[in-house]
Participant: 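Here it is: the structure, laid out below.
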Number of protein chains: 2
Amino acid sequence: MTAPAPLPTVCAALGDPTRWEILTRLGEGPMSASALAKVMPVSRQAIGKHLEVLREVGLVESEQRGREVVHVAVGARLGALARELDRIGRSWETRLLRLKELAERPADPETAEGSADR
Amino acid sequence: MTAPAPLPTVCAALGDPTRWEILTRLGEGPMSASALAKVMPVSRQAIGKHLEVLREVGLVESEQRGREVVHVAVGARLGALARELDRIGRSWETRLLRLKELAERPADPETAEGSADR
DNA sequence: GCAATGTGCAATTCAAAGGTTGCACATCGA
DNA sequence: TCGATGTGCAACCTTTGAATTGCACATTGC
């Protein structure tokens, strides 16, 4: 790993339908760029660029095998992303809940933030 | 919900840094587009467009409040996305593992792909 | 040795996305 | 009532990104 790859960047990598198709195929087993190009409606070069994007965010790992280079989808990377998103989502809900409680009992001084006058 | 909003689309919505900043702010509490524009380095109109994108994939919900419209980040939507990604990531790893096992014992006919007996 | 196959790199095309400005219109508040 | 504030819509500009074509170079296998 070179850099942790910021959240928006990883999501951007997952934001393209063609890349999802590539990932889906690689999820079933290792493949070369040429092999992917044969079963997909885009050129081998285009696929190569997508693979680079995916590799930069850690969603794909590549390995030279003789004449060709085989790529594979990294499930662990996707799992890590999922955990991050889940954590953030929970924090949003928690704060929202707190705000609602605050709004429903505006007359109770004990539940005020810091409970100090202000 | 109007449509389930396909995975790549939701990820694409999360693929922009500006939208992440919007989401982060909205995660702390409801805000109007104008309020967001005052604390961010982009115009109110630009923020409006981002909010529409986020609303279309269910990451933001909006509510008319008198003269203004307040928006809020939907944690549940992010959680749902996280679960989808996690499930997919696991399936990748599972298949990879199966392939590796297959590769490590190529001489055993009992574990061959077609072998039906458990 | 030589054709076939697999890659990498560069130049180019084209559409979409992010951002801005300008304007009209509704609403809140003093 | 009138000014300040908040929205929505539309036109426009600029950059980014997805995809293509073309070419040179390495490797495999007959």
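By convention in this document, chain letters (A, B, ...) are assigned in the order of the sequence lines, proteins followed by strands, and residues within each chain are numbered from 1. Keep in mind that what you see is a predicted model, and the values were worked out from it rather than measured.
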Participant: Can you measure B:Leu36 atom CG to D:dT5 atom C1' for me and round it to whole angstrom units?
Facilitator: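 It is 16 Å, rounded to the nearest whole Å.
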
Participant: Residues of residues 57-70 of chain B with any non-hydrogen atom less than 4.0 angstrom from an atom of DNA chain C: list those, numerically ordered, please.
Facilitator: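 Those residues are B:Gly66, B:Arg67.
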
Participant: For the pair made of CD in A:Glu52 and P in D:dG17, what is the distance, rounded to whole Å?
Facilitator: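 That distance rounds to 13 Å.
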
Participant: Do A:Ile88 and A:Leu7 have side-chain heavy atoms sitting under 4.5 Å apart?
Facilitator: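 Answer yes - side chains close enough.
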
Participant: Could you pull out all residues at least two apart from A:Arg95 that satisfy salt bridge (Lys or Arg N to Asp or Glu O under 4.0 Å)?
Facilitator: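 Counting only residues at least two positions away or on another chain, A:Arg95 forms a salt bridge (Lys or Arg N to Asp or Glu O under 4.0 Å) with B:Glu28.
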
Participant: Is A:Val57 reachable from A:Ile47 through a run of hydrophobic residues whose side-chain heavy atoms are each under 4.5 Å from the next?
Facilitator: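 A:Ile47 and A:Val57: one cluster.
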
Participant: Determine whether B:Met31 and B:Leu54 fall in the same hydrophobic cluster, where Ile, Leu, Val, Met, Phe, Trp and Tyr are linked whenever their side-chain heavy atoms lie under 4.5 Å apart.
Facilitator: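 Both belong to a single hydrophobic cluster.
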
Participant: Sequence neighbours left out, cut at 3.5 Å: what donor-acceptor pairs do the side chains of residues 17-27 of chain A make with other protein atoms?
Facilitator:
from    : atom 1 : to      : atom 2 : distance (Å)
A:Arg19 : NE     : A:Ala13 : O      : 2.7
A:Arg19 : NH1    : A:His50 : ND1    : 3.0
A:Arg19 : NH2    : A:Ala12 : O      : 3.4
A:Trp20 : NE1    : A:Leu14 : O      : 2.6
A:Glu21 : OE2    : A:Arg25 : NH2    : 3.0
A:Thr24 : OG1    : A:Trp20 : O      : 2.7
A:Arg25 : NH2    : A:Val39 : O      : 3.4

Participant: The criterion is salt bridge (Lys or Arg N to Asp or Glu O under 4.0 Å); which residues satisfy it with B:Glu93, sequence neighbours excluded?
Facilitator: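 Expected list: none.
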
Participant: Does A:Thr94 have any side chain to side chain contact (heavy atoms under 4.5 Å, CB included) partners at least two apart in sequence or in another chain, and if so, which?
Facilitator: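 Residues passing side chain to side chain contact (heavy atoms under 4.5 Å, CB included) with A:Thr94: A:Arg98.
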
Participant: Please list all pairs passing the salt bridge (charged side-chain N to carboxylate O under 4.0 Å, His left out) test where one or both residues lie in residues 66-87 of chain B, with sequence neighbours left out.
Facilitator: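 For residues 66-87 of chain B: B:Asp86-B:Arg90.
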
Participant: Per the salt bridge (charged side-chain N to carboxylate O under 4.0 Å, His left out) rule, what does the pair list look like for residues 30-50 of chain A, sequence neighbours excluded?
Facilitator: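 Of all non-adjacent pairs touching residues 30-50 of chain A, none passes salt bridge (charged side-chain N to carboxylate O under 4.0 Å, His left out).
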
Participant: Note the angle between the end axes of the helix from C:dG1-D:dC30 to C:dA30-D:dT1, five pairs defining each, rounded to 10 degrees.
Facilitator: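 Result, rounded to 10 degrees: 30°.
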
Participant: If every non-hydrogen atom of B:Ser62 is compared with every non-hydrogen atom of B:His71, which pair is closest and at what distance?
Facilitator: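 Closest approach of B:Ser62 to B:His71, heavy atoms only: OG-ND1, 2.7 Å.
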
Participant: 5' to 3' on DNA chain C, which nucleotides open and close the contacts with chain B (atom under 4.0 Å from a heavy atom)?
Facilitator: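 So the contact region on DNA chain C extends C:dG18 to C:dC28.
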
Participant: I need the minimum non-hydrogen distance between A:Asp16 and B:Pro8, along with the two atoms involved.
Facilitator: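 It is C-CB, 4.5 Å.
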
Participant: Heavy atoms only: give me the nearest B:Ala73-B:Val60 pair and the separation to one decimal.
Facilitator: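 Smallest interatomic distance, heavy atoms only, reads CA-CG2, 4.4 Å.
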
Participant: For DNA chain D, determine which residues of residues 44-51 of chain A have any heavy atom closer than 4.0 angstrom to one of its atoms, and list them numerically.
Facilitator: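 Per residue number, the list reads A:Gln45, A:Ala46, A:Lys49, A:His50.
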
Participant: Report yes if a side-chain nitrogen or oxygen of A:Thr18 is closer than 4.0 Å to either non-bridging phosphate oxygen (OP1 or OP2) of D:dA18; otherwise report no.
Facilitator: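 Checking D:dA18 against A:Thr18, no side-chain N or O comes under 4.0 Å of OP1 or OP2.
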
Participant: B:Pro30 and B:Val70: which non-hydrogen atoms are nearest, and at how many Å?
Facilitator: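 So the minimum-distance heavy-atom pair works out to CB-CB, 4.3 Å.
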
Participant: Figure out the CG/P separation between B:Asp16 and D:dT15, and round it to whole Å.
Facilitator: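 Spelled out: CG on B:Asp16 to P on D:dT15 is 17 Å.
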
Participant: At what distance, to the nearest 0.5 angstrom, does CD of A:Glu61 lie from CZ of A:Arg55?
Facilitator: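 CZ of A:Arg55 is found 10.0 Å from CD of A:Glu61.
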
Participant: What residues, two or more places apart in sequence or in another chain, satisfy side chain to side chain contact (heavy atoms under 4.5 Å, CB included) together with B:Gln64?
Facilitator: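 B:Gln64 satisfies side chain to side chain contact (heavy atoms under 4.5 Å, CB included) with B:Val69 once adjacent residues are dropped.
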
Participant: Quick one, which residues of residues 23-35 of chain B touch DNA chain C with a heavy atom under 4.0 Å?
Facilitator: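 DNA chain C contact set from residues 23-35 of chain B: none.
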
